[in-house]
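Here the structure is laid out as structure tokens; the discussion comes afterwards.
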Protein chains: 2
Amino acid sequence: MDKNPLVLLELVERLANLMRAELRKAGADESLQPVHLHALIYLSKANRYSNTPQALAAYLGLTKGTVSQTLLILDRRGLIERYQDDVDRRVVRLRLSTAGEQLLYEAQPALAWQNATRNISPNRIRNATSALRETLATFQEDNEGAMFGSCTDCTHCQKLSQRIFRCGLMGDRLSGPETRRLCWLHEAKREGE
Amino acid sequence: MDKNPLVLLELVERLANLMRAELRKAGADESLQPVHLHALIYLSKANRYSNTPQALAAYLGLTKGTVSQTLLILDRRGLIERYQDDVDRRVVRLRLSTAGEQLLYEAQPALAWQNATRNISPNRIRNATSALRETLATFQEDNEGAMFGSCTDCTHCQKLSQRIFRCGLMGDRLSGPETRRLCWLHEAKREGE
DNA sequence: CCGATTAGTATCGGGTCGATACTGAAAAGT
DNA sequence: ACTTTTCAGTATCGACCCGATACTAATCGG
């Protein structure tokens with residue numbers, strides 16, 4: 001019975017606070033801060049257009065300097081690997097190390113969320129997702145910020161064959177699994193549903 | 001299209017990150033951190049059962065010591081007022097000062113959100129709100145955490161007359177406006193819709 | 001009236017975070 | 001070709017967040 005967008009905001013922020021507290025608990029054993037786990041989770045979902053410090057900074061809403069520090073720590077801990085890009089040697093590419101993957105696997109940061117949503121029907125989840133997705137898209141347009149999303153919703157995504165896709169913006173070929181990762185060049189398809 | 005709860009989590013966290021960045025921007029002029037504004041926003045919505053440091057700590061998912069520090073800063077800045085409770089002299093009650101109200105009014109922290117949701121129909125907002133509200137309730141049950149919510153959804157709320165309500169748990173009389181504030185003793189009504 | 005519990009504060013240290021200044025690589029102007 | 005500008009990322013610094021621990025003061029329970 002509540003149509004007020006502010007109530008929705010309230011809920012989003014509260015749930016995010018709780019999940020942040022969950023992350024804090026999950027990372028306490030390894031003495032990792034919430035932001036560290038957030039970064040690891042991001043990297044576990046990033047694709048070739050989003051696995052850079054800059055993209056991570058945009059995603060987390062932090063400055064590149066701050067993110068650089070975070071990555072330094074994760075690197076020293078052996079949770080991520082950094083390597084230079086071949087064509088543009090300014091950019092650093094990031095990926096989880098096996099230790100990082102292992103950590104995420106054991107921490108199960110999303111477990112509490114999955115439990116909390118167990119009673120919500122798939123249909124309602126889908127509707128809520130769709131509404132928030134649209135909110136996010138509008139938000140990002142307003143701020144002219146970069147978008148994040150998977151290629152499955154993206155206007156640039158072209159299907160070449162059963163298993164091969166192509167990003168129309170960059171021209172690169174993408175494998176099926178990669179199209180389900182988190183891209184930074186995402187442009188939302190309208191009326192995709 | 002997407003029934004996966006994890007996608008919804010992704011969106012919630014991302015939107016929360018962006019709003020946090022908004023808060024950072026909004027508070028930069030006054031050199032206030034996001035958590036300070038969050039606390040002010042909370043206090044602007046708290047009722048007599050939730051306007052204490054302890055409740056704020058539960059709400060933000062932080063420890064009482066941390067919150068105590070935050071409140072110290074806000075007090076020194078003249079943005080809040082602290083006063084002792086009459087019956088239990090251990091508890092401190094909090095309220096926004098006029099300066100604090102003024103600050104919130106000018107900062108308009110939710111403006112970006114209202115813009116971002118302008119294209120979402122009231123109906124979809126309502127559905128998303130309902131799904132997230134239920135998620136929050138389940139989450140809080142799982143963690144045996146205290147609940148937050150307005151009396152309008154609460155099982156304890158009794159209507160005495162047109163304008164007078166009563167909290168069945170505490171026995172206090174509540175005015176109409178107060179039933180729309182954020183309570184800490186909230187227990188969700190099932191099938192309220 | 002004495003121990004146990006509870007609300008809140010004080011202090012300390014590790015760590016986040018933005019600001020600023022910097023390095024080195026790539027692009028752009030001449 | 002060579003300079004200038006822009007861009008990705010790092011280094012350093014200082015303000016502040018945050019939890020842990022220890023503490024005070026008030027209430028509760030017998």
Side-chain angles (χ1 to χ4, degrees), chain A residues 17 20-40 46 48-77 80-94 146 184, chain B residues 17 20-40 46 48-77 80-94 146 184:
Chain A
N17 274 344
R20 195 180 174 79
E22 284 294 317
L23 281 190
R24 211 180 279 285
K25 266 192 288 179
D29 300 335
E30 318 279 341
S31 62
L32 286 175
Q33 304 290 323
V35 71
H36 294 151
L37 288 172
H38 238 120
L40 291 179
R48 73 181 71 177
Y49 306 126
S50 58
N51 61 354
T52 67
Q54 194 183 19
L56 179 57
Y59 184 84
L60 295 175
L62 304 176
T63 62
K64 58 181 183 173
T66 298
V67 167
S68 183
Q69 291 309 305
T70 300
L71 293 173
L72 195 63
I73 291 173
L74 294 177
D75 195 359
R76 276 203 292 253
R77 293 287 202 89
I80 62 170
E81 292 165 4
R82 299 196 275 188
Y83 56 100
Q84 274 198 338
D85 187 275
D86 290 333
V87 309
D88 188 337
R89 299 219 312 269
R90 289 173 305 181
V91 343
V92 170
R93 301 210 164 270
L94 308 163
W184 194 26
Chain B
N17 274 344
R20 195 178 174 80
E22 284 294 316
L23 280 190
R24 210 179 278 285
K25 266 193 289 181
D29 299 336
E30 317 279 342
S31 60
L32 286 175
Q33 303 292 322
V35 71
H36 294 150
L37 288 171
H38 238 119
L40 293 178
R48 72 181 71 178
Y49 305 125
S50 58
N51 62 354
T52 67
Q54 194 183 20
L56 178 58
Y59 183 84
L60 295 176
L62 304 177
T63 62
K64 58 182 183 173
T66 299
V67 167
S68 182
Q69 290 311 303
T70 300
L71 293 172
L72 194 63
I73 291 173
L74 293 177
D75 194 0
R76 276 203 293 253
R77 293 284 203 91
I80 63 170
E81 292 165 4
R82 298 197 276 187
Y83 56 100
Q84 275 198 338
D85 186 276
D86 291 334
V87 311
D88 187 338
R89 298 219 313 269
R90 290 172 305 180
V91 343
V92 170
R93 301 211 163 269
L94 307 164
W184 194 25

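Note that the coordinates shown come from a computational prediction; the quantities given were computed from them, not determined experimentally.
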**Under-3.5 Å donor-acceptor pair between B:Thr66 side chain and D:dG19 base** = yes

**Request:** Output the single nucleotide from C:dT16, D:dG9, C:dC17 whose closest atom is nearest the side chain of A:His36.
**Result:** C:dT16

**Request:** Grab the CZ-P distance between B:Arg89 and D:dA25 for me, whole Å please.
**Result:** 12 Å

**Request:** Write down the distance between CD (A:Glu30) and C1' (C:dG15), rounded to a whole number of angstrom.
**Result:** 17 Å

**Message:** Rounded to whole Å, please give me the gap between NZ in B:Lys64 and P in D:dA22.
**Reply:** 13 Å

**Item:** Any A:Gln54 side-chain nitrogen or oxygen under 4.0 Å from OP1 or OP2 of D:dA8
**Value:** yes

**Item:** Main-chain N/O of B:Arg48 paired to B:Arg93 side chain as donor or acceptor, under 3.5 Å
**Value:** yes

**Asked** What's the closest nucleotide to the B:Val92 side chain, out of C:dA10, C:dG8, D:dT10?
**Response** C:dG8

**Request:** Write down the distance between CG (A:Leu23) and P (D:dC18), rounded to a whole number of angstrom.
**Result:** 14 Å

**Request:** Considering non-hydrogen atoms only, spot the tightest contact between A:Leu56 and A:Ala39 and give its length.
**Result:** CD2-CB, 4.0 Å

**Complete:** Side-chain atoms of B:Arg24 come closest, of C:dT9, C:dG18, C:dA26, to C:dG18

**Asked** Taking atom CG of B:Asp86 and atom CD of B:Gln84, what is their separation to the nearest 0.5 Å?
**Response** 9.0 Å

**Prompt:** Only one of A:Leu60, A:Leu32, A:Thr70 clears side chain to side chain contact (heavy atoms under 4.5 Å, CB included) with A:His38; which?
**Reply:** A:Leu60

**Prompt:** Taking atom types as they are modelled, is there a donor-acceptor pair under 3.5 Å from the base of D:dT27 to the side chain of B:Arg90?
**Reply:** no

**Item:** Atom-pair distance (CZ on A:Arg93; P on D:dG9), nearest Å
**Value:** 9 Å

**Request:** Starting at atom CG of B:Asp85, determine the distance to atom C1' of D:dT27, rounded to an integer number of angstrom.
**Result:** 12 Å

**Request:** Starting at atom CG of B:Leu72, determine the distance to atom C1' of C:dA10, rounded to an integer number of angstrom.
**Result:** 10 Å

**Asked** Between the side chains of A:Arg77 and A:Ser31, is a donor N or O closer than 3.5 angstrom to an acceptor N or O?
**Response** yes

**Prompt:** DNA chain D: B:Leu62 or B:Ser31, which has the more 5' nearest nucleotide?
**Reply:** B:Ser31

